[in-house]
Amino acid sequence: MTEFPQVASMTGFARTQGELNGTAWIWELRSVNGRGLDVKLRLPSGLEALEFPLRDLAAKRLKRGNVSGTLTLKREQAAAIVPDMAALERIKDLAVELADNIPGALPPRAELLLALPGVMRSTGAQEESEEERVALHDAVREGFVQALEGLAESRSAEGRKLADIVGVNLREIALLHEAAGLEAAKQPELHRARLAAQLAELIGGTPNLPEERIAQEIALLATKSDVREELDRLAAHIEAARALLKEGVAVGRKLDFLMQEFNREANTLCSKSTSVPLTNIGLALKAAIEQLREQVQNIE
């Protein structure tokens with residue numbers, strides 16, 4: 001079982017379908033990462049009025065992500081398209097009359113006349129009643145709700161996989177934090193040895209400065225390179241990240257901001273480091289934090 005079961009991804013896909021009174025419909029919903037929630041729907045002609053209510057439904061179910069939805073309708077009996085002979089005759093007479101009155105004008109062409117609005121009409125399909133139209137809209141809306149639930153489940157499944165990766169990243173950062181603490185504890189002794197070596201090089205032989213003065217210099221160097229505050233804050237950030245991941249609901253933005261704080265502490269640790277091992281740990285921390293940040297950007 002994953003350590004953070006409530007985490008949801010912003011990536012997912014769902015498909016639902018149904019049929020009512022000879023009309024089949026198919027919903028396909030896809031979502032990818034996004035800074036906020038952006039829902040775009042492609043609806044067949046005649047169903048445009050459903051767009052805003054459906055977008056409101058999506059906003060109540062999802063918090064973040066770029067969501068695209070496509071509705072496809074297919075009717076069992078397609079209407080036949082035939083010319084309206086009365087309308088065609090009127091337009092033909094008018095076109096001939098105009099051609100006769102315009103010097104050099106060509107006679108009207110049949111394919112151009114048939115392309116004019118109102119000349120062709122549909123026939124053979126029973127006209128949809130108001131009750132049937134309302135019933136179809138209700139069925140399509142219910143299908144959208146089902147697809148929305150499927151999309152949420154898909155995002156949750158992706159979130160569980162994502163949570164496992166994030167858990168590994170956090171554990172790696174925690175181990176590096178522990179190693180940094182152990183290495184930082186060695187800093188005063190390293191300062192002492194380094195100061196003694198520098199003094200010996202300058203004055204030759206064993207330095208004869210009072211031990212108290214050497215201790216003062218070491219304390220000054222240790223203060224400048226003290227990373228305990230950075231490590232304490234990093235430990236707090238790790239716990240804060242775990243708490244947010246356990247909460248899991250719409251925490252992506254908060255985690256994204258927290259990653260900036262992770263980076264700040266790692267950068268300061270590297271800048272204060274006076275030893276190669278501590279610097280290497282700081283660089284490893286930065287790399288691990290970047291990997292965590294990439295994963296966090298997928299969280300809803």
Side-chain angles (χ1 to χ4, degrees), residues 2 4-81 121-166 247-253 255-256 295-300:
T2 181
F4 309 114
Q6 300 301 318
V7 171
S9 171
M10 286 187 281
T11 302
F13 172 80
R15 186 179 190 272
T16 60
Q17 62 186 47
E19 186 271 338
L20 181 69
N21 297 330
T23 299
W25 51 262
I26 298 174
W27 270 114
E28 287 190 350
L29 297 183
R30 292 177 172 82
S31 71
V32 294
N33 296 356
R35 293 181 63 85
L37 179 63
D38 183 18
V39 180
K40 295 180 180 178
L41 302 177
R42 296 179 59 186
L43 304 175
S45 177
L47 279 78
E48 294 86 349
L50 291 176
E51 180 174 359
F52 288 107
L54 295 182
R55 289 176 63 182
D56 288 341
L57 288 173
K60 292 176 182 177
R61 188 65 180 84
L62 308 173
K63 301 302 180 185
R64 293 179 70 201
N66 292 328
V67 181
S68 61
T70 301
L71 172 63
T72 303
L73 291 184
K74 184 178 180 181
R75 302 185 186 276
E76 287 185 356
Q77 293 182 347
I81 305 299
R121 62 182 177 84
S122 61
T123 185
Q126 186 177 1
E127 189 172 343
E128 186 179 54
S129 67
E130 179 64 18
E131 291 78 9
E132 289 174 331
R133 185 187 68 83
V134 171
L136 178 61
H137 284 204
D138 289 343
V140 164
R141 186 183 296 107
E142 180 59 29
F144 180 80
V145 172
Q146 295 172 3
L148 199 56
E149 288 303 313
L151 180 64
E153 291 175 7
S154 174
R155 287 161 55 119
S156 294
E158 287 296 321
R160 288 190 288 272
K161 298 176 185 177
L162 185 59
D164 290 338
I165 299 173
V166 168
E247 179 184 340
V249 179
V251 296
R253 282 184 177 275
L255 285 167
D256 198 31
Q295 299 303 324
V296 161
Q297 288 184 336
N298 297 321
I299 295 176
E300 182 181 23

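Note that the coordinates shown come from a computational prediction; the quantities given were computed from them, not determined experimentally.
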* Output yes when Glu28 and Arg15 qualify as a salt bridge under the 4.0 Å nitrogen-oxygen rule, no when they do not. => yes

* Interatomic distance, Leu57 atom CG to Glu149 atom CD [nearest 0.5 angstrom] -> 10.5 Å

* Flag the pair Asp138 and Arg141 as a salt bridge only when some basic side-chain nitrogen lies within less than 4.0 angstrom of an acidic carboxylate oxygen. => yes

* Does any N or O in the side chain of Glu300 come within less than 3.5 Å of the main-chain N or O of Lys63, such that one atom is a donor and the other an acceptor? -> yes

* Counting N and O atoms only, with roles assigned by atom type, does the side chain of Glu51 sit under 3.5 Å from a partner on the main chain of Leu54, one being a donor and the other an acceptor? -> no

* To do: Return yes if some donor-acceptor pair links the side-chain N/O of Arg64 with the main-chain N/O of Gly34 below 3.5 Å, else return no.
  => yes

* To do: Nearest 0.5 Å please: distance from the CD atom of Gln17 over to the NZ atom of Lys74.
  => 11.5 Å

* Give a yes or no answer on whether the side chain of Glu48 reaches the backbone of Gly46 with a donor-acceptor pair at less than 3.5 Å. => yes

* Asked: Minimum heavy-atom separation for Ala59 to Leu37, with atom names?
  -> CA-CD2, 3.5 Å

* Output yes when a side-chain donor or acceptor of Ser154 lies under 3.5 Å from a complementary backbone atom of Gly150, and no otherwise. => no

* Quick one: pull up CG in Leu255 and CD in Gln295 and give me the separation to the nearest 0.5 Å. => 12.0 Å

* To do: To the nearest 0.5 Å, tell me how far Phe4 CZ sits from Glu247 CD.
  => 12.5 Å

* **Heavy-atom side-chain proximity of Glu158 to Met10 below 4.5 angstrom** => no

* Asked: Side chains of Val39 and Leu62: closer than 4.5 Å at any heavy-atom pair?
  -> no

* Structure fact -> Taking every heavy atom of Trp25 against every heavy atom of Glu19, the minimum-distance pair comes out as NE1-N, 3.9 Å

* Structure fact -> Note: Trp27 and Val140 closest approach over all heavy atoms is NE1-O, 2.9 Å

* May I have the step-by-step check of side chain to side chain contact (heavy atoms under 4.5 Å, CB included) for Val7 and Val166, ending in yes or no? => CA-CA 10 Å; Val7 171; Val166 168; over 6 Å; no

* Roughly how far apart are Leu47 CG and His137 NE2, rounded to 0.5 Å? -> 4.0 Å

* Asked: Do Thr16 and Phe144 touch side chain to side chain, with heavy atoms closer than 4.5 Å?
  -> no

* Where do Pro44 and Leu73 come nearest, in terms of heavy atoms and distance? -> CG-CG, 3.8 Å

* Considering all heavy atoms of both residues, which atom of Ala58 and which atom of Leu148 are nearest to each other, and what is their separation? -> CA-CD2, 3.7 Å

* Structure fact -> For Thr11 and Ser9, the nearest pair of non-hydrogen atoms, with its separation, is N-OG, 3.0 Å

* Under 3.5 Å, side chain of Thr70 to main-chain N/O of Arg42, donor-acceptor pair present? -> no

* Can you tell me how far the CG atom of Leu151 sits from the CZ atom of Arg30, to the nearest 0.5 Å? -> 10.5 Å

* Side-chain touch Leu50/Leu41, heavy atoms, less than 4.5 angstrom -> no

